[in-house]
Each structure stands twice: as structure tokens, then as C-alpha cells.
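On a predicted model such as this, the values are computed, not experimentally measured, just so you know. Residues take their numbers from the sequence shown, with the count starting at 1.
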Amino acid sequence: NGLSLAAYAENTLATNNGNLLCRWLINLDTDADLSNRYRGLPAEVWEMSDAELTERAERSLDRHFVFTGLTEFFDASLFILCLVLGGGRIPLYEWRGSSGSGPAIDSLGADIRATLEAANRADSQLLRSRRQHFLGRYGDAVDWFNAEMAPFQAAHVNHFKAMIGTPEPL
């Protein structure tokens with residue numbers, strides 16, 4: 001929508017929109033009411049402490065998701081997901097993502113960074129907790145993937161690119 005990170009911090013967060021990941025996860029267990037001023041969430045969700053938000057979001061993740069991967073371990077997460085779901089093979093894909101062209105968070109003023117950090121404290125705690133959970137549960141698989149598969153991917157990247165977009169006939 002063209003809103004810069006600084007404008008988001010200065011304008012949007014001023015109306016209490018922080019910790020949206022935790023709030024969204026908690027909302028999986030409630031009936032949405034899109035006519036209320038709390039953007040479909042029960043009013044109490046907007047009044048919870050960071051600790052309450054994180055704890056409720058953790059419970060919701062555990063209840064509604066079989067597997068939670070991490071962006072920082074995207075390739076390994078995809079590999080592990082295939083194992084968890086009993087897939088016979090790992091899908092071939094090409095990464096074309098981009099994190100955007102906006103400024104890095106380090107280039108923002110200290111006041112903007114502080115606003116963002118404060119408004120997303122529960123989401124940050126949720127990430128730290130899920131990272132610890134992920135590595136505790138799948139750390140050996142991540143290590144194996146990084147040692148065995150990642151070098152293979154890098155060495156054969158040109159071969160993979162030729163295969164992208166050429167699905168096998170059914």
C-alpha cells in the first residue's frame with residue numbers, strides 16, 4: 001500500500017495495532033466480529049499484556065498447526081515439512097522473493113525503532129520461543145540439511161533452474 005515503515009510506526013501504531021501476529025493467532029479461537037472497533041477481535045485481546053499475548057498465541061499455534069517452520073531456515077523448514085507430512089519427495093521450487101526496497105531497520109531513527117520494538121514485543125517473544133522450539137525439535141534435521149542438501153542445491157542451481165516451470169505430465 002506504499003506505507004513506509006517509519007509512517008507505519010508513527011501513524012498506524014499510534015492506534016494500537018502492535019503484536020498483530022499474536023493477535024491473529026489468538027483470533028483463530030474466536031468468532032470474528034468485523035463490525036466492532038477492535039478490528040474483528042474481542043476487546044480483551046487488545047488489552048492483554050505481552051506475556052498473555054505470547055502465551056495465548058503459543059497455545060493457538062500448537063492447537064491449529066501441525067508444523068511451524070521459520071523463514072530464516074526456509075529451505076530446511078520445507079524439507080522437514082515434507083518429512084513430517086510423509087511426502088515421498090521434496091518439491092522443486094525457485095525462490096523469487098524480495099524483502100522490498102525499503103530502508104533497513106538500522107537506518108531508521110532511534111525513536112522509530114523503539115516504537116516498533118515496543119509495539120511488537122509479544123510477536124518478538126513468540127519468534128524467539130518458536131525458534132527455540134523449532135531448533136530443539138528439528139535441530140538435527142537442520143544440521144543434516146545444511147551439511148548434505150544445501151551444498152547440493154548450490155552446486156546444481158543451474159540444473160534446477162532449467163527444470164522450473166516444466167511440470168511432469170499426470
Between R56 and E52, is there a side-chain N and carboxylate O pair less than 4.0 Å apart? no
To the nearest 0.5 Å, atom OG1 of T71 lies from atom CZ of R131 at 10.0 Å
Give a yes or no on whether the backbone of T68 and the side-chain of R130 come within a donor-acceptor separation of less than 3.5 Å. no
Q) Would you say S60 and F65 make side-chain contact, with heavy atoms under 4.5 Å? A) no
Apply side chain to side chain donor-acceptor pair (under 3.5 Å) to residues E117 and S124 and explain how you reach the verdict. CA-CA 8 Å; E117 289 167 6; S124 295; over 6 Å; no
Rounding to 0.5 Å, atoms CZ (R121) and CG (L116) come to a distance of 11.5 Å
(Q) Quick check: is V84 connected to M149 through a chain of hydrophobic side chains (ILVMFWY, heavy atoms under 4.5 Å apart)? (A) yes
- Side chains of W24 and L28: closer than 4.5 Å at any heavy-atom pair? yes
* Flag side-chain contact, heavy atom, 4.5 Å: L53 against L25 -> no
Taking every heavy atom of R23 against every heavy atom of V45, the minimum-distance pair comes out as NH1-O, 2.6 Å
Does T54 reach the main-chain N or O of D50 with its side chain, forming a donor-acceptor pair under 3.5 Å? yes
For this session: Would you mind checking if D123 and R128 are paired as a salt bridge, meaning a charged N to carboxylate O distance below 4.0 Å?
Result: no
Would you check if L70 and L127 make a side-chain contact, meaning some heavy-atom pair closer than 4.5 Å?
yes
In one Ile/Leu/Val/Met/Phe/Trp/Tyr side-chain cluster, 4.5 Å: L81, F145
yes
- Query: F73 versus I80: any side-chain heavy-atom pair under 4.5 Å?
  - Reply: no
_Residues I112, E10; criterion side-chain contact (heavy atoms from CB on, under 4.5 Å); working and verdict_ = CA-CA 7 Å; I112 299 294; E10 292 170 335; 3.3 Å; yes
CD (Q125) and CG (N120) are apart, to the nearest 0.5 Å, by 13.0 Å
Joint cluster assignment, L126 & M48, ILVMFWY side-chain distance < 4.5 Å:
no
Per ring pair (Phe, Tyr, Trp, His ring centres under 6.0 Å), Y138 is matched among F79, F67, W144 by F67
Co-membership, hydrophobic cluster, residues L61 and F134, 4.5 Å side-chain = no
